[in-house]
Amino acid sequence: MKSRIMYLAAFILLMAALSSCEKELNPKEPGMLVPKTVELDASLPSITVNGTQLHSQAFGDPADPMVVFLHGGPGGDYANALNVKSLVTSHYYVVFYDQRGSGLSKRHPKNSFSLQVMLDDLTALIQHYRSSASQKVFLFGHSWGGMLATAYVNKYPAAINGVIVAEPGGLTKATLDEYSKNSRRLKLFDEVSNDALYPDQLLSGKENDHAILDYKLALQLPYTYARNNDEGIEGPSPFWRMGAASLKKFVEISDNEGFDFTTNLHQYTTKVLFLYSENNKAYGQAFANKEAAFFPNPQVSRVNGTGHEMIYFKWDNVAALALPYLNSLR
Amino acid sequence: MKYYKYNLLTAIIILLFKFSFAQNINWKTLQPSQRHIVNLNVGFDNATTVGIGYGYHFNTKMPLVVNVEYSMPMGNIIFDDFKTKIGGQLDLLRINSFHTSAKAYGIIRRFQNDMTRMVNFGSEFSATAGIYKDKWFAAGEIGFDKAITTHIKHSDLMKEYNPSVQSGWYIPTGGNLLYGLQGGYSFSRYDVYAKVGRTLSQDFKTQSMIPYYFQVGWNMKW
């Protein structure tokens, strides 16, 4: 009898629990854990190119020399790079976009990502914004964005009139592995390392459950700016939405196929501004020189008083190096 | 809504105590007179963790141990992240030295960092089968850890960057398959054991950042 009462009590409570599920939130639904992307929110600025819809904005006079900013990641966005917009006052037409599958741009299945697709997106974006064939185009890439900018001029050296790269992670598989080893070490007894791993048991998503996976990736951001982090990152910086599928695919490509964005760089003889930061212990002058040496004509410059997120935290110091470089080529 | 989590938790606890079936025990050396089992463990379970557990041995026809476990990841903030399990394990089938046992747990876990605070109610069911001798045991295990529902409260920082995100109860929030091996050595009233295995997400494709688990532990029985 006692046993039956306990079963009954458990059954009633389970039913009560299930009946109250109507107010539960669906983690897969965009707009719950993460913001909606451009195809679901018409109020966001976007362009439709190369079979995708990219969250994108342009500032300044469309006839001025164009500076296309390439954000980090893969899987980041340009929310923390809006300082670059100030180049408008120096008469540059500044174009931002969230790369395919990142930020507020449209999501795609993980296996649809490839380097060539990302390069084609960039070609299409430049075509979309370019106002004349004589308009000069500069690329400004931060971290992964610097790698992508390098990959672009490696493939299309005649298409770009100048490149600024700010601490590109690695221009070859070997240098990326070297930088990763120095910058993103998991420490097994450390709070932030364990915080980066622990949510895996509370929240898991399938390969293309973008909302869940993007949110989980955002939960790892505090790891990047933990106290005494190797990259000298001062603290959190804004973001809209991470792109987990994009990141995962490019990590897989790097791990399985390797990459080398330098095979044709000898053809890009234009001067390249190569920035590294004073406080990024994982990068440093020696590694910057090693990476910059892949370019035929590099100008290696140090951004003082900051770390890897130099564009957000010390834009004035970055601009003091970037503007003279751009002006010398305009 | 606010009663939902309490109802669910209470239901899980009642069911677990009824069916109860949990800890890595050498069934062969567990004596009818030994009612209490204390466990200390360290390992990797989605983070480097330390844990403590207590089990009560019911002297029933089919040996049953009901237990409570608490574990937390290492780090300088002590109680922001943890996992508690309440449940038990039942020695279902014995053929000479071969034992098959079933485990069922209700799980409450918490995680907090600069971006979020999550409290999850989940369950873990697993089966273990292997050889249990007077001095040692070796077994394989397979199980499923289901994150049934999770209350997610976005931090002020997250809401500053993304004002549209919604805090509340999210369901379903995932699950992970686990499989591996365990073995131990028994002496006097103690067991020392180790277990190691893999985790795989419920779609059998995606996996955790570090898709392995590992634990070494120590039991004292009296």
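Chain letters run A, B, ... following the sequence lines, proteins first and then strands; every chain starts at 1. Any value given below was found using the heavy atoms of this structure, including those in side chains, with hydrogens, waters and symmetry copies removed.
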Interatomic distance, [X] atom [atom1] to [Y] atom [atom2] [nearest 0.5 angstrom]:
X: A/Asp200; Y: B/Asn176; atom1: CG; atom2: CG; result: 7.0 Å
X: A/Glu191; Y: B/Met74; atom1: CD; atom2: CE; result: 12.0 Å
X: B/Ser167; Y: A/Met32; atom1: OG; atom2: CE; result: 11.5 Å
X: B/Gln166; Y: A/Asn26; atom1: CD; atom2: CG; result: 12.5 Å
X: B/Phe121; Y: A/Leu202; atom1: CZ; atom2: CG; result: 11.5 Å
X: A/Asp195; Y: B/Thr116; atom1: CG; atom2: OG1; result: 11.0 Å

Fill in: Flag side-chain contact, heavy atom, 4.5 Å: A/Phe239 against B/Met158
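They are in contact (side-chain heavy atoms under 4.5 Å apart), so the answer is yes.
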Fill in: Heavy-atom side-chain contact between A/Gln201 and B/Phe111 under 4.5 Å
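Result no, sub-4.5 Å side-chain heavy-atom pair not found.
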Practice prompt. Report the C-alpha separation of B/Tyr170 and A/Leu33 in whole Å, then their side-chain angles, then the decisive distance to 0.1 Å, and conclude whether the side-chain contact (heavy atoms from CB on, under 4.5 Å) test is met.
Written response: CA-CA 9 Å; B/Tyr170 282 84; A/Leu33 290 175; 3.5 Å; yes
Worksheet entry | NZ/A/Lys206: more than 12 non-hydrogen atoms of other groups inside 6.0 Å |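 Counting other residues, nucleotides and ligands, NZ of A/Lys206 stays at 12 neighbours or fewer.
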Item to complete: Quick one: which of B/Asn113, B/Asp45, B/Asn120 has the most heavy-atom pairs under 4.5 Å with chain A, could you say?
Response: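 Top count of heavy-atom pairs under 4.5 Å with chain A: B/Asn113.
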Item to complete: Under 4.5 Å, counting heavy-atom pairs only, tell me which of B/Ile210, B/Thr150, B/Thr199, B/Val165 racks up the most with chain A.
Response: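 Looking at each of B/Ile210, B/Thr150, B/Thr199, B/Val165 in turn, B/Val165 comes out on top.
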Fill in: When A/Ser237, A/Gly31, A/Ala196 are compared by non-hydrogen pairs under 4.5 Å with chain B, the top option
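Sorted descending by pairs with chain B, the first entry is A/Ser237.
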Practice prompt. Using a cut-off of under 4.5 Å on heavy-atom pairs, state which of A/Leu197, A/Leu213, A/Asp209, A/Ile212 scores highest against chain B.
Written response: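 The answer is A/Leu197.
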Item to complete: Please report the closest heavy-atom contact between A/Pro236 and B/Leu157, naming both atoms and the distance.
Response: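 Where A/Pro236 meets B/Leu157 most closely, the heavy atoms are CB-CD2, 3.9 Å.
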Worksheet entry | Plane angle bin for A/Tyr215 and B/His154 - parallel if under 30°, tilted between 30 and 60°, otherwise perpendicular |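 Perpendicular.
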Is chain A contacted by the side chain of [X], its backbone, both, or neither, given a heavy-atom distance below 4.5 Å?
X: B/Lys146; result: neither
X: B/Tyr213; result: neither
X: B/Ser155; result: neither
X: B/Gln112; result: backbone
X: B/Ser201; result: side chain

Practice prompt. Step by step, work out the side-chain contact (heavy atoms from CB on, under 4.5 Å) result for B/Asn162 and A/Val34.
Written response: CA-CA 7 Å; B/Asn162 288 302; A/Val34 288; over 6 Å; no
Worksheet item: With a 3.5 Å cut-off and no angle check, do the side chains of B/Asp114 and A/Tyr225 form a donor-acceptor pair?
Response: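 A pair is found: one side chain offers a donor N or O, the other an acceptor, under 3.5 Å apart.
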Practice prompt. Please step through side-chain contact (heavy atoms from CB on, under 4.5 Å) for the pair B/Met115 and A/Gln220, ending with a clear verdict.
Written response: CA-CA 9 Å; B/Met115 297 291 167; A/Gln220 294 176 12; over 6 Å; no
Fill in: Heavy-atom proximity to chain B below 4.5 Å, by part of A/Leu221
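A/Leu221 touches chain B through side-chain heavy atoms alone.
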Worksheet item: Heavy-atom distance under 4.5 Å to chain B: side chain of A/Leu219, backbone, both or neither?
Response: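 Both backbone and side chain.
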